[in-house]
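All heavy atoms count here, side chains included; hydrogens, waters and symmetry mates do not.
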Amino acid sequence: MSGDHSHNDSQIDSGSRYNDSHKHKDKYKDKEHKHKDHKKDKEREKSKYSNSEHRDSSEKKHRDKERPKLKDGSSDKQKDKNREKKKEERSLDGKPKKEKENGFGSPYIKSEPENDDFYHSPKHEKSLKRERDDDDAEFKPKKIKTEDIKSEKKAKKRKQEDEDIKPKKKTKDKKAEVATDGKKKAKKEPEEKWKWWEEERYTDGSKWRFLEHKGPVFAPPYEPLPNNVKFYYDGKHMKLSPDAEEVATFFSKMLDHEYTTKEIFRKNFFKDWRKEMTSEEKSKITDLNKCDFIEMSEYFKAQSEARKSMTKEDKLKIKAENERILQEYGFCVMDNHKERIANFRIEPPGLFRGRGDHPKMGMLKRRIRPEDVIINCSKDSKIPKPPPGTKWKEVRYDNKVTWLVSWTENIQGSIKYIMLNPSSRIKGEKDWQKYETARRLKKCVERIRAQYREDWKSKEMRIRQRAVALYFIDKLALRAGNEKEEGETADTVGCCSLRVEHLSLHQEMDGLEFVVEFDFLGKDSIRYYNKVPVEKRVFKNLQLFMEDKEPEDDLFDRLNTSILNKHLQELMDGLTAKVFRTYNASITLQQQLDEISNGEDTIPAKILSYNRANRAVAILCNHQRAPPKTFEKSMQNLQAKIDAKKEQLGEAKRELKSAKADAKVRRDEKSKKAVETKKKAVQRAEEQLMKLEVQATDREENKQIALGTSKLNYLDPRISVAWCKKYDVPIEKIYNKTQREKFAWAIDMAEKDFAF
DNA sequence: ATTGGCACTTAGTATCGGTGAA
DNA sequence: TTCACCGATACTAAGTGCCAAT
């Protein structure tokens with residue numbers, strides 16, 4: 001990376017990033033009312049000279065302020081952002097459209113798929129082979145994304161498959177664990193895992209040929225409260241109708257949570273609760289503050305206590321039942337392979353809790369019934385049966401999508417899906433492809449950087465904005481920042497949706513020139529706070545973008561994610577804003593590992609190095625977590641252990657010393673041996689102490705940083721696998737079981753010389 | 001050109017459950 | 001054997017990005 005892109009220096013040790021979030025929230029709360037109008041403002045700007053009669057005058061005042069022309073002489077009037085976007089930028093750098101390649105052309109041609117004939121019905125057998133996308137990254141003539149080629153291939157493939165109905169000879173996949181008693185640990189899982197990454201992929205946009213599953217598991221029906229658990233309104237006992245009671249229990253279960261005290265939450269809840277009441281209840285219950293849920297709350301607490309103190313047998317029984325459900329509903333057959341489903345349970349009803357300051361918190365998330373559910377599977381599969389007496393909303397046979405079940409959720413009106421586990425072929429291929437795209441970016445990132453630096457000087461505002469935004473996305477790993485619908489979600493932003501109020505410019509700060517201070521809420525309302533020295537030209541551009549704007553105006557008023565991504569697409573096939581995050585995360589890991597790994601270290605020290613590299617990425621991507629509730633305590637415990645170990649070490653040393661002295665005098669075998677023993681003890685204690693100290697460092701540094709997200713979503717697993725091989729660290733130290741399943745492809749294929 | 005719908009990835013947190021220390 | 005702790009897993013919200021309709 002060129003010097004300018006050493007992202008993290010400014011972030012890694014800025015302890016100031018993780019400020020008290022409450023303080024922070026308050027700050028945002030204060031601004032809330034301003035944000036409210038923000039979107040409206042935009043609309044108003046579009047139709048600015050008409051139709052403003054219902055706005056209040058103070059708003060209007062700043063809105064309609066005349067905006068001066070740009071310094072650089074371009075004639076854009078800030079306001080008609082939407083016009084202006086002529087297509088003259090088509091041929092930005094004159095480069096022809098980049099070839100398509102997806103990097104799947106790796107030379108693993110061998111294919112001996114194991115086959116679960118255990119699970120699939122013979123009549124459904126199809127070819128196991130899928131055609132490999134032949135656009136190899138390195139040397140193949142690249143395929144252009146055209147339908148012709150695709151359909152040609154499609155035709156070819158179909159033919160092949162038709163001829164190939166008979167399955168290839170299979171290696172038996174002994175699902176031995178089922179057969180023999182599960183007690184034994186010796187049991188390998190399936191002896192051979194299916195190596196989907198050694199097979200061809202579909203090239204026609206279809207996601208599967210065959211899909212069979214059992215449908216979703218519904219939430220258990222509501223069980224009315226026993227009669228002795230009472231609800232009181234205004235001090236008087238009141239028996240609620242079942243529907244109203246159910247919703248009341250949702251609230252009562254949350255009583256200990258802070259958010260049941262929030263006004264919006266209470267308001268939303270009460271409104272939705274009333275909808276579930278009988279008209280009689282509705283007329284009586286008019287004030288939430290007069291509702292007393294305490295008995296219900298106590299009842300549920302007691303229930304959960306009871307659950308905890310169940311007998312071992314009962315617990316085992318429940319466990320067995322869960323296992324049975326998992327076995328029945330937790331898997332599907334997709335293209336001859338049994339695959340694990342990620343979330344086969346339909347979300348139970350409850351009260352919606354969005355993250356951050358969510359306008360819909362407390363609303364009732366309604367119960368999903370079979371009539372709400374769409375099933376997706378193969379026509380020729382065993383179609384899942386709806387529960388007795390019910391019907392599915394629809395059964396469809398769409399192999400262009402990957403989901404098995406979907407329903408529409410009532411809070412945002414968005415669609416929810418049941419899909420496969422990350423270890424599945426369908427997710428794995430996509431994941432692999434993602435990293436290949438990021439690796440392609442590596443090859444042309446310098447060109448792209450040169451380009452956007454050049455664009456900082458453009459005489460067109462929209463191009464400058466695009467170039468500065470891209471610089472942020474690249475340097476700071478910001479998210480793209482799609483527009484969001486006002487009032488539907490918490491007020492959060494990403495790069496393209498940054499507002500003037502989210503950054504402040506400092507000509508000079510802490511001895512550095514041209515510092516930009518970012519402070520905004522990003523995805524999940526996680527605060528992004530960072531002070532970054534930028535190049536002078538960027539700084540000047542930002543001044544220009546912010547000129548004559550109100551705090552709640554868009555920083556990049558001529559840019560959105562769609563424009564940006566269209567541009568990126570022209571720079572590299574498959575390039576979008578999020579690829580920069582993947583790329584920068586992975587390249588940072590690789591660089592950090594190269595830099596700080598030491599072959600001489602002990603395994604724990606190596607792992608600390610790895611975690612530190614991982615941490616650098618997490619910081620870059622701003623992956624935070626609330627410090628665990630037990631953090632202080634667990635830190636103290638660890639410290640106590642360290643102290644004890646030190647004590648023990650001191651003691652061991654003293655003993656060694658006296659043993660030595662003793663041996664010097666006595667000069668016999670026995671005392672010599674004693675010295676050796678003591679030496680060993682000292683050594684062991686030293687090692688243990690070191691290990692503990694390393695652990696403490698690691699934990700301390702991790703206090704509010706979450707490593708999991710980057711590990712799971714941004715770091716090319718092959719980098720980690722290669723590192724493990726190079727430094728002789730067992731892969732289990734880096735990836736737990738789930739992670740090893742997800743990254744099986746990488747573990748199988750990456751050698752120690754893999755370079756991202 | 002904008003909008004809304006859709007599909008899919010990315011995200012933090014709540015809860016589970018296995019394990020090692022007491 | 002019990003219990004506290006902590007990593008693993010479950011859960012579901014909140015993003016991105018693309019496409020087709022307007």
**Item:** salt_bridge(A:Arg324, A:Glu321) N-O dist < 4.0 Å
**Value:**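 Yes, charged N to carboxylate O under 4.0 Å.
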**Message:** Quick test of your reading of the model: are A:Asp524 and A:Arg355 salt-bridged, counting only N-O distances below 4.0 Å?
**Reply:**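 Yes, charged N to carboxylate O under 4.0 Å.
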Would you say a side-chain N or O of [X] is under 4.0 Å from OP1 or OP2 of [N]?
X	N	result
A:Arg581	B:dA11	yes
A:Asn736	C:dA8	yes
A:Tyr714	B:dA11	yes

**Prompt:** More than 12 heavy atoms of other residues, nucleotides or ligands under 6.0 Å from NZ of A:Lys301: is that the case?
**Reply:**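 Counting neighbours around NZ of A:Lys301, more than 12 heavy atoms of other residues, nucleotides or ligands fall under 6.0 Å, so yes.
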**Message:** Taking salt bridge (charged side-chain N to carboxylate O under 4.0 Å, His left out) as the cut-off, I'd like each qualifying pair that reaches into residues 618-628 of chain A, sequence neighbours left out, listed once.
**Reply:**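 Passing the test, one end in residues 618-628 of chain A: no pairs.
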Would you mind reading off the distance between [X] atom [atom1] and [N] atom [atom2], rounded to a whole angstrom?
X	N	atom1	atom2	result
A:Leu521	B:dG12	CG	P	13 Å
A:Ile734	C:dA8	CD1	P	12 Å
A:Asn560	B:dT2	CG	P	7 Å
A:Leu620	B:dA11	CG	C1'	16 Å
A:Gln739	C:dA10	CD	C1'	15 Å
A:Asn702	B:dG12	CG	C1'	15 Å
A:Gln704	B:dG12	CD	P	13 Å
A:Ile341	C:dA10	CD1	P	13 Å

Does any non-hydrogen side-chain atom of [Y] lie less than 4.5 Å from one of [X]?
X	Y	value
A:Tyr435	A:Tyr583	no
A:Ile415	A:Glu409	no
A:Thr260	A:Phe251	yes

Under 6.0 Å between ring centres, would you say that holds for [X] and [Y]?
X	Y	answer
A:Phe344	A:Tyr329	no
A:His502	A:Tyr528	no
A:Phe518	A:Phe472	yes

**Message:** Just to be sure I understand the rule, does A:Leu712 reach a base, reach only the sugar-phosphate, or reach nothing, if contact means heavy atoms closer than 4.0 Å?
**Reply:**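 Nothing: the residue A:Leu712, judged by heavy atoms under 4.0 Å, touches no strand.
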**A:Glu700 vs A:Asn702, side-chain hydrogen bond (donor to acceptor under 3.5 Å, both in side chains): CA-CA, chis, key distance, verdict** = CA-CA 5 Å; A:Glu700 184 65 50; A:Asn702 240 12; over 6 Å; no
**Prompt:** Within 45° of the ring axis of A:Phe352 and under 6.0 Å from its six-membered ring centre, is that where the NZ or CZ of A:Lys365 lies?
**Reply:**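 No, A:Lys365 does not sit over the ring of A:Phe352.
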Please produce a list of atom pairs where a protein N or O lies less than 3.5 Å from an N or O of nucleotides 11-16 of chain C.
residue, atom, partner, partner atom, Å
C:dA13, OP1, A:Lys365, NZ, 3.1
C:dA13, OP2, A:Lys416, NZ, 2.5
C:dA14, OP1, A:Arg355, N, 2.6
C:dA14, OP1, A:His358, ND1, 3.3
C:dA14, O4', A:Asp524, OD1, 3.4
C:dG15, OP1, A:Thr492, OG1, 2.8
C:dG15, OP1, A:Asp524, N, 3.1
C:dG15, OP2, A:Lys484, NZ, 3.0
C:dT16, OP1, A:Ala480, N, 3.2
C:dT16, OP1, A:Gly481, N, 2.6
C:dT16, OP2, A:Asn482, N, 3.0
C:dT16, OP2, A:Asn482, ND2, 3.2

**Prompt:** With sequence neighbours excluded, what pairs up with A:Thr489 under the side chain to side chain contact (heavy atoms under 4.5 Å, CB included) test?
**Reply:**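 If we apply the side chain to side chain contact (heavy atoms under 4.5 Å, CB included) test to A:Thr489, skipping adjacent residues, the hits are A:His358, A:Gln412, A:Lys484.
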**Message:** Pick the closest DNA chain B nucleotide for A:Arg625 and for A:Asn713 by heavy atoms, then say which residue is nearer the 5' end.
**Reply:**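 Looking at the nearest nucleotide for each, A:Asn713 comes out on the 5' side.
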Taking only nitrogen or oxygen atoms into account, show me every contact under 3.5 Å that the protein makes with nucleotides 2-6 of chain C, one pair per line with its distance.
residue, atom, partner, partner atom, Å
C:dC5, OP1, A:Lys633, NZ, 2.8
C:dC5, OP2, A:Lys633, NZ, 2.8
C:dC6, OP1, A:Arg699, NH1, 3.3

With the criterion being N/O to N/O and under 3.5 Å, what pairs connect the protein with nucleotides 14-19 of chain B, and how long is each?
residue, atom, partner, partner atom, Å
B:dG18, OP1, A:Lys319, NZ, 3.2

Set out, line by line, the N/O atom pairs under 3.5 Å between protein and nucleotides 5-7 of chain B.
residue, atom, partner, partner atom, Å
B:dA7, OP2, A:Tyr417, OH, 2.8
B:dA7, O5', A:Tyr417, OH, 3.4

**Asked** Any side-chain donor-acceptor pair under 3.5 Å between A:Arg340 and A:Ser424?
**Response**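 The answer is no; no qualifying pair exists.
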